[in-house]
Amino acid sequence: MDSFLIKIKILTDILEKKEKYVEKIFNLTTNIRTILLSKIKGEEVSGILTEMYKEKQALIDEVIKSDEFFQTTFEKLDSVFEKNAVLYKSEIKYMQEKIKIIMDFDSKIRIEEKNNNMLLIPAFASNNKAIKSLPKNLVAKKYTLNKKVKI
């Protein structure tokens, strides 16, 4: 296997891992919404939410690392892709499909986050201690799946 094909394999592996990460982030975000909509309020649920947000942040950090590694690797191959688009058509198509799935998850996550943020304050309004115990970066501003990649 030549080095270009190895690098294509690395790119597809990164996208597959990233897809798993964003799916887990989406599931966590949905589960957080379920908890926020439940009848359970206050301190008894704040510990659970804190752990969920920590897990989510760790996944977001992995997504960011994946993005950076993908971008660095892709930039090295960009000209080869352009020159040999027909030759690597199936690999390019596969990566495009993975990116579309990832972007769909990204959109769903953003919608869920917005909904969760609207629920969060009223859910804990009666308990300031519970709010303060949650991570400060609930929206995870570092979450940047929308990097533009030419494929």
Side-chain angles (χ1 to χ4, degrees), residues 7-79 81-82 85 88-151:
K7 289 177 182 171
I8 289 176
K9 175 70 172 132
I10 290 169
L11 289 174
T12 57
D13 287 350
I14 293 167
L15 290 172
E16 288 167 354
K17 285 181 184 179
K18 186 173 174 179
E19 179 184 358
K20 289 177 185 175
Y21 294 146
V22 294
E23 184 176 11
K24 288 178 183 180
I25 292 168
F26 175 73
N27 290 335
L28 275 167
T29 307
T30 303
N31 291 340
I32 289 168
R33 181 171 178 74
T34 301
I35 291 171
L36 291 172
L37 289 170
S38 73
K39 303 264 186 228
I40 305 168
K41 305 290 181 212
E43 286 185 48
E44 57 187 296
V45 80
S46 68
I48 295 168
L49 287 174
T50 298
E51 289 306 310
M52 291 175 84
Y53 278 114
K54 284 180 183 176
E55 181 179 351
K56 186 174 170 181
Q57 188 60 55
L59 290 166
I60 290 168
D61 292 342
E62 290 300 318
V63 166
I64 292 167
K65 287 180 198 170
S66 297
D67 280 342
E68 291 168 354
F69 188 57
F70 183 91
Q71 193 64 34
T72 302
T73 307
F74 183 81
E75 286 170 359
K76 293 174 185 173
L77 305 177
D78 190 26
S79 63
F81 274 127
E82 286 180 18
Y88 298 106
K89 185 179 179 179
S90 64
E91 290 87 353
I92 292 169
K93 184 167 177 53
Y94 180 77
M95 285 190 280
Q96 287 173 328
E97 290 168 1
K98 287 296 173 189
I99 291 170
K100 183 186 180 320
I101 291 167
I102 291 165
M103 297 308 293
D104 288 345
F105 271 119
D106 178 57
S107 295
K108 291 176 186 177
I109 290 166
R110 290 176 191 275
I111 291 168
E112 284 295 312
E113 274 292 340
K114 184 177 178 182
N115 293 334
N116 286 356
N117 286 336
M118 288 190 288
L119 290 171
L120 186 64
I121 300 303
F124 293 100
S126 63
N127 191 339
N128 275 343
K129 185 177 179 186
I131 292 173
K132 289 177 183 174
S133 71
L134 294 173
K136 294 193 186 305
N137 190 8
L138 295 178
V139 183
K141 293 178 184 174
K142 295 192 314 183
Y143 184 68
T144 55
L145 285 176
N146 284 329
K147 290 192 178 194
K148 296 189 186 220
V149 175
K150 301 183 307 185
I151 286 188

Hits for side-chain hydrogen bond (donor to acceptor under 3.5 Å, both in side chains) against E19, two or more places apart or cross-chain, chain-then-number order -> K98

Report yes if some heavy atom in the side chain of I32 is under 4.5 Å from a heavy atom in the side chain of L49; otherwise report no. yes

Audit row: L11, L15, side chain to side chain contact (heavy atoms under 4.5 Å, CB included) steps and yes/no: CA-CA 6 Å; L11 289 174; L15 290 172; 5.5 Å; no

For F26, enumerate each residue passing the ring-ring contact (aromatic ring centres under 6.0 Å, His included) test, keeping only those at least two apart in sequence or located in another chain. F105

Apply salt bridge (charged side-chain N to carboxylate O under 4.0 Å, His left out) to K114 and list each qualifying residue two or more places apart in sequence or on a separate chain. none

Partners of I111 by side chain to side chain contact (heavy atoms under 4.5 Å, CB included), sequence neighbours excluded? N115

As an exercise, state the distance from CG of D106 to CD1 of I99, rounded to the nearest 0.5 Å. 12.5 Å

Let me confirm one number: the NZ-OG1 distance from K7 to T73, rounded to the nearest 0.5 Å. 8.0 Å

Those residues at least two apart in sequence (or on a different chain) that pass salt bridge (charged side-chain N to carboxylate O under 4.0 Å, His left out) with E75 are none

Taking the side chain from N31 and the backbone from N27, do they hold a donor-acceptor pair closer than 3.5 Å? yes

Test side-chain hydrogen bond (donor to acceptor under 3.5 Å, both in side chains) applied to E97 - qualifying residues, sequence neighbours left out: none

In chain order, what residues pass the salt bridge (charged side-chain N to carboxylate O under 4.0 Å, His left out) check against K108, with sequence neighbours excluded? none

Minimum heavy-atom distance I8-L77, with the two atoms named: N-CD1, 4.3 Å

Could you measure the distance from the CD atom of E112 to the OG atom of S107? Nearest 0.5 Å is fine. 12.0 Å

Who passes side-chain hydrogen bond (donor to acceptor under 3.5 Å, both in side chains) against E23, sequence neighbours left out? none

Once rounded to the nearest 0.5 Å, what's the spacing between atom CD1 of I102 and atom CE of M95? 11.5 Å

In chain order, what residues pass the side-chain hydrogen bond (donor to acceptor under 3.5 Å, both in side chains) check against Y88, with sequence neighbours excluded? none

Would you compute the distance between atom CG of L28 and atom OH of Y53 and round it to the nearest 0.5 angstrom? 10.0 Å

Is it true that K65 and D61 make a salt bridge, defined as a side-chain N closer than 4.0 Å to a carboxylate O? no

Out of curiosity, E55 CD to I25 CD1, how far, rounded to the nearest 0.5 Å? 10.0 Å

Provide the closest heavy-atom pair for N116 versus T29 in the form atom of the first, atom of the second, distance. ND2-O, 3.0 Å

Can you list the residues that meet the side chain to side chain contact (heavy atoms under 4.5 Å, CB included) rule with D13, with sequence neighbours excluded? K9, E16

Excluding sequence neighbours, so at least two apart, what forms salt bridge (charged side-chain N to carboxylate O under 4.0 Å, His left out) with E91? none

